[in-house]
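What follows is a single structure, written as structure tokens, with notes after it.
Keep in mind the model is a prediction, meaning the values are calculated, not measured. Just so you know, these numbers use all the heavy atoms, side chains as well, and skip hydrogens, waters and symmetry mates. Index from 1, following the sequence.
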Amino acid sequence: ASAAASPAAVSEPAHHCAYTVHPPAARKVSFPPATPDYTATYQATIKTNRGDIGIALANSKATCTVNSFVHLAEADYFSSTHCHRLTTSGIFVLQCGDPTGTGSGGPGYEFANENLAGAKYTAGTVAMANAGANTNGSQFFLVYQNSALAPNYTPFGTITSGLAIIRQVAKAGSDNSNGPGDGHPKDKVEIESGTIKKT
């Protein structure tokens with residue numbers, strides 16, 4: 001089996017990343033480079049209509065995930081998109097990264113989980129949303145309160161500023177369109193742009 005077929009065998013930081021075709025693409029974008037810059041340090045700034053959210057990306061622990069996120073941000077994939085899901089019971093997350101705003105949109109590719117050993121979803125964690133093992137695409141969630149999620153979602157960053165913005169949105173609640181405490185945020189959150197600083 002290749003390293004791509006058995007994600008557990010990949011040691012981090014990864015020196016090679018496999019992205020497989022998974023149509024349709026919610027927004028036209030190329031695949032990320034297969035060779036990540038695994039020694040870089042990345043800071044992301046998500047500029048929203050409610051203020052900026054700063055994220056330190058965990059490149060040494062989730063290299064291929066960060067490689068994809070950086071690629072999508074730099075391609076303006078996240079620009080002018082809405083964070084489509086807010087949960088205020090059970091798990092406490094704001095989910096973003098789908099240009100269609102439906103919760104089913106992705107970039108036209110998928111990739112394996114990373115960094116799951118001992119994964120915890122404490123307040124400030126940024127992790128990938130998925131539809132099962134190794135189905136990561138462009139959707140991610142921001143944890144605004146400690147959440148008892150099973151370690152099935154790749155944590156790839158930590159919020160360094162702007163957590164209060166998400167908590168304020170959470171306070172206003174959701175429209176419960178997915179069930180009690182789960183739906184579109186009543187206070188709309190639009191991502192205006194995602195920028196990356198590399199050091």
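The closest side-chain donor-acceptor pair between S30 and H71 falls under 3.5 angstrom. Residues N176 and D182 have side chains that never bring a donor and an acceptor to within less than 3.5 angstrom of each other. For the residue pair E12/T63, the side-chain donor-acceptor check at 3.5 Å is satisfied. Side-chain atoms of E114 and T65 include a donor-acceptor pair closer than 3.5 Å. Side-chain atoms of S68 and Y109 form a donor-acceptor pair, as typed in the model, at a separation below 3.5 Å. In this model, no donor atom of one side chain and acceptor atom of the other lie less than 3.5 Å apart for D98 and H84. Defined by atom type and a distance below 3.5 Å, a donor-acceptor pair is missing between the side-chain atoms of N113 and Y153. At a cut-off of 3.5 Å, with distance as the only test, no side-chain donor of S60 or Y38 sits close to an acceptor on the other residue.
Note on ring orientation: taking the six-membered ring where Trp is involved, the planes of F140 and F78 are perpendicular (angle over 60°, cut-offs 30° and 60°).
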Report task. Would you check, one step at a time, whether the test side-chain contact (heavy atoms from CB on, under 4.5 Å) holds for E190 with S80? Result -> CA-CA 6 Å; E190 183 179 358; S80 304; 3.9 Å; yes

Query raised in the report: Are T41 and N59 close enough, and set up right, to give a side-chain contact (heavy atoms from CB on, under 4.5 Å), and what steps lead you there?
Result: CA-CA 7 Å; T41 301; N59 194 32; over 6 Å; no

Query raised in the report: Taking it one step at a time, do K198 and D37 satisfy salt bridge (Lys or Arg N to Asp or Glu O under 4.0 Å)?
Result: CA-CA 10 Å; K198 177 180 172 180; D37 187 347; 2.7 Å; yes

**Report entry** Verdict with reasoning, F92 to Y121, per ring-ring contact (aromatic ring centres under 6.0 Å, His included)
**Finding:** CA-CA 9 Å; F92 306 96; Y121 304 93; over 10 Å; no

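Outside the 6.0 Å centre-distance limit, the rings of Y42 and F69 are not counted as a close aromatic pair.
The number of heavy atoms from other shown groups lying within 6.0 Å of CZ (F31) is above 12.
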